[in-house]
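Basis for what follows: all heavy atoms, side chains included, without hydrogens, waters or symmetry-related copies. Predicted model only: the values in this text are computed from it and were never measured.
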Amino acid sequence: MSLLMDSTSSSLLLSPPPYLTKDETGTLVFDSSFLQKQASLPSEFIWPHGDLIHNEGELKEPVIDLEGFLKGDEVATAQAAELVRTACLNHGFFQVTNHGVDTSLIHAAHEEIDKIFKLPLDKKLSVRRKPGDVSGYSGAHAHRYSSKLPWKETFSFGYHGDDDSGDDDSVPLVVDYFKSVLGKDFEHTGWVYQRYCEAMRKVSLVIFELLAISLGVDRLNYRKFFEDGSSIMRCNYYPPCNNSTLTLGTGPHCDPTSLTILHQDQVGGLQVFADNKWLAIRPRPDALVVNIGDTFMALSNGRYRSCLHRAVVNRESERRSLVFFVSPNEEKVVRPPQDLVCREGHRTYPDFTWSDLLEFTQKHYRADVATLQSFIQWLLSSKPSNF
């Protein structure tokens, strides 16, 4: 809904909302090419002014070279761990280079994004995420929400640590998902994302070692905890928006997962709320952006921060990103190492499982800055013996 100024009365008048397409269930259908032709932005996509405040420069997050750590260089490892520690105590964001992921694989994964989102609208709608599920297509998350809709399309799918492609005859989970959902023409796409997920898993385990070193606990503690973990891979597509100053690609939130590893294109748009202002994360083609999520904040006994972040949209350019959300096995108990608790002198959060938190965010709560605190309150009211 747009606001128009009446010149005679100086009052604000609401113009009629543009026509919105809805499916048979009454859910809004996100057709960005159609919406771009409308005179005004539908009110469902307009965000509160407080969420739209402009960024004030770039975040000075550390860019950590992993080469020395991967080669076993003790000096380089100590330096990398200190950079991780400083970042995670302040805002939970850093970038890594020389991470071991082939640039051709990253490029291939970006190329396949268009193959998915350029499909006909009815085909994308036929593979929409079902309520409570994390896999499938989503247009502006309209299947879950009716206001403050993000100006984006996503395609998500699960990946498990024990599902790496090997020499046996079984078809890996990711490949099978793409073939069964999108058809045999997407088998190659499935293989690209299977290998991308495998590469992201390897990077995540390296980062978990660095996180352990930086916290002064057994360096293999978190690596072992996440070796059989479950992850969610997401392809994001942010179409251009004529009214980009009124909406967001992703609203302000903290990730409920443990670790997020992102590769963004050169358009940029990822922003972090640090030092009481919004700061942009500069796109670096050779780097992966890493941020701490709520689950790891609990695993660090609250020492490391899960930081508020968002994604803005561009008036003229499309934006794409690849996001790998790392979580533990769904039934593992999320509990910080005992020596870390002894040093702190208390437990900050009660025991919980990732399946509990996932259920909370998928069925009961829209992720924001207070997700973990709200989840703990919900958990204690339903399972009071956890603390």
Side-chain angles (χ1 to χ4, degrees), residues 92 127-138 141-145 150 152 154-163 173-174 177 181 193 197 200-201 204-205 208 222 225-236 250-262 290-300 302 304-309 322-336 348-387:
V127 296
R128 265 187 304 194
R129 288 169 59 181
K130 294 178 174 56
D133 197 359
V134 297
S135 297
Y137 169 81
S138 175
H141 292 339
H143 66 292
R144 291 191 64 191
Y145 311 119
K152 69 173 177 181
T154 68
F155 189 80
S156 309
F157 47 94
Y159 170 79
H160 298 285
D162 56 0
D163 187 50
L173 180 68
V174 175
Y177 180 76
V181 170
Y193 287 124
C197 287
M200 290 301 106
R201 175 177 180 265
S204 73
L205 295 178
F208 283 128
Y222 296 124
F225 187 78
F226 284 95
E227 277 181 341
D228 62 347
S230 60
S231 301
I232 300 167
M233 178 71 204
R234 178 169 295 164
C235 302
N236 288 323
T250 303
H253 70 288
C254 296
D255 294 336
T257 48
S258 296
L259 199 68
T260 303
I261 306 175
L262 173 142
V290 180
N291 71 272
I292 298 299
D294 289 338
T295 302
F296 193 84
M297 184 159 68
L299 283 167
S300 72
Y304 284 175
R305 295 185 59 190
S306 174
C307 195
L308 193 67
H309 56 285
L322 300 162
V323 194
F324 190 72
F325 298 104
V326 187
S327 298
N329 182 288
E330 290 190 2
E331 299 311 318
K332 272 192 174 175
V333 175
V334 174
R335 179 186 299 147
T348 306
Y349 304 104
D351 288 352
F352 63 89
T353 63
W354 167 237
S355 61
D356 285 334
L357 181 51
L358 182 63
E359 177 193 349
F360 180 70
T361 57
Q362 293 301 307
K363 297 181 179 180
H364 306 291
Y365 195 84
R366 184 173 185 171
D368 60 13
V369 69
T371 301
L372 187 57
Q373 291 77 8
S374 300
F375 165 68
I376 296 303
Q377 292 176 6
W378 174 81
L379 183 71
L380 293 177
S381 66
S382 57
K383 302 177 181 180
S385 61
N386 279 43
F387 208 13

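- A donor-acceptor contact shorter than 3.5 Å links the side chain of S230 to the backbone of P328.
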May I have the list of side-chain donor-acceptor pairs in residues 357-364 shorter than 3.5 Å, sequence neighbours left out?
unit_1	atom_1	unit_2	atom_2	d
T361	OG1	L357	O	3.2
T361	OG1	L358	O	3.1
Q362	OE1	R129	NH2	3.1

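- Ring pair Y222/F296: centre-to-centre distance below 6.0 Å.
- Ring to ring, Y177 and Y193 are not that close: their centroids are 6.0 angstrom or more apart.
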field: Full working for side chain to side chain contact (heavy atoms under 4.5 Å, CB included) between M200 and V326
entry: CA-CA 9 Å; M200 290 301 106; V326 187; over 6 Å; no

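- Between F157 and F155, the two ring planes are tilted [angle within 30° to 60°].
- Listed for the H309 side chain is a donor-acceptor partner under 3.5 Å among the backbone atoms of H253.
- The distance from atom OG1 of T295 to atom CG of L372, rounded to the nearest 0.5 Å, is 7.5 Å.
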query: Under the side chain to side chain contact (heavy atoms under 4.5 Å, CB included) criterion, do M297 and T348 qualify, and how do the steps go?
result: CA-CA 10 Å; M297 184 159 68; T348 306; over 6 Å; no

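- Between T260 and V290 there is no side-chain heavy-atom pair separated by less than 4.5 Å.
- With a 6.0 Å cutoff to the six-membered ring centre and a 45° limit on the axis angle, R201 does not count as a cation-pi contact of Y159.
- Taking CZ from F324 and CD1 from I232, the interatomic distance works out to 10.0 Å, rounded to the nearest 0.5 Å.
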query: Between F352 and F375, does a ring pair (Phe, Tyr, Trp, His ring centres under 6.0 Å) hold up when you go through it step by step?
result: CA-CA 10 Å; F352 63 89; F375 165 68; 5.1 Å; yes

task: Decide side chain to side chain contact (heavy atoms under 4.5 Å, CB included) for N329 and H160; before the verdict, give the C-alpha distance in whole Å, the side-chain angles of both, and the deciding distance to 0.1 Å.
output: CA-CA 8 Å; N329 182 288; H160 298 285; over 6 Å; no

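- Distance check, rounded to the nearest 0.5 Å: OG1 of T257 to CG of N291 gives 7.5 Å.
- In this structure, K332 and D228 approach most closely via the heavy-atom pair NZ-OD1, 3.0 Å.
- Considering all non-hydrogen atoms of both residues, G158 and S135 come closest at N-OG, 3.6 Å.
- The two residues S327 and S258 make their nearest non-hydrogen contact at CA-OG, 4.0 Å.
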task: Please assess V134 against R234 for the test side chain to side chain contact (heavy atoms under 4.5 Å, CB included), listing each intermediate value before the final yes or no.
output: CA-CA 10 Å; V134 297; R234 178 169 295 164; 5.7 Å; no

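- Note: S204 OG to E227 CD = 10.0 Å, rounded to the nearest 0.5 Å.
- The OG atom of S156 sits 9.5 Å away from atom CG of D133, with the distance rounded to the nearest 0.5 Å.
- When all heavy atoms are compared, the tightest approach of V334 to F225 is CA-CZ, 4.3 Å.
- Judged purely by atom type and a 3.5 angstrom limit, T353 has no side-chain atom pairing as donor or acceptor with the backbone of E331.
- Counting all heavy atoms, side chain and backbone alike, C254 lies closest to V369 at SG-CA, 4.0 Å.
- Annotation: the span from Q373 atom CD to D368 atom CG amounts to 9.0 Å, rounded to 0.5 Å.
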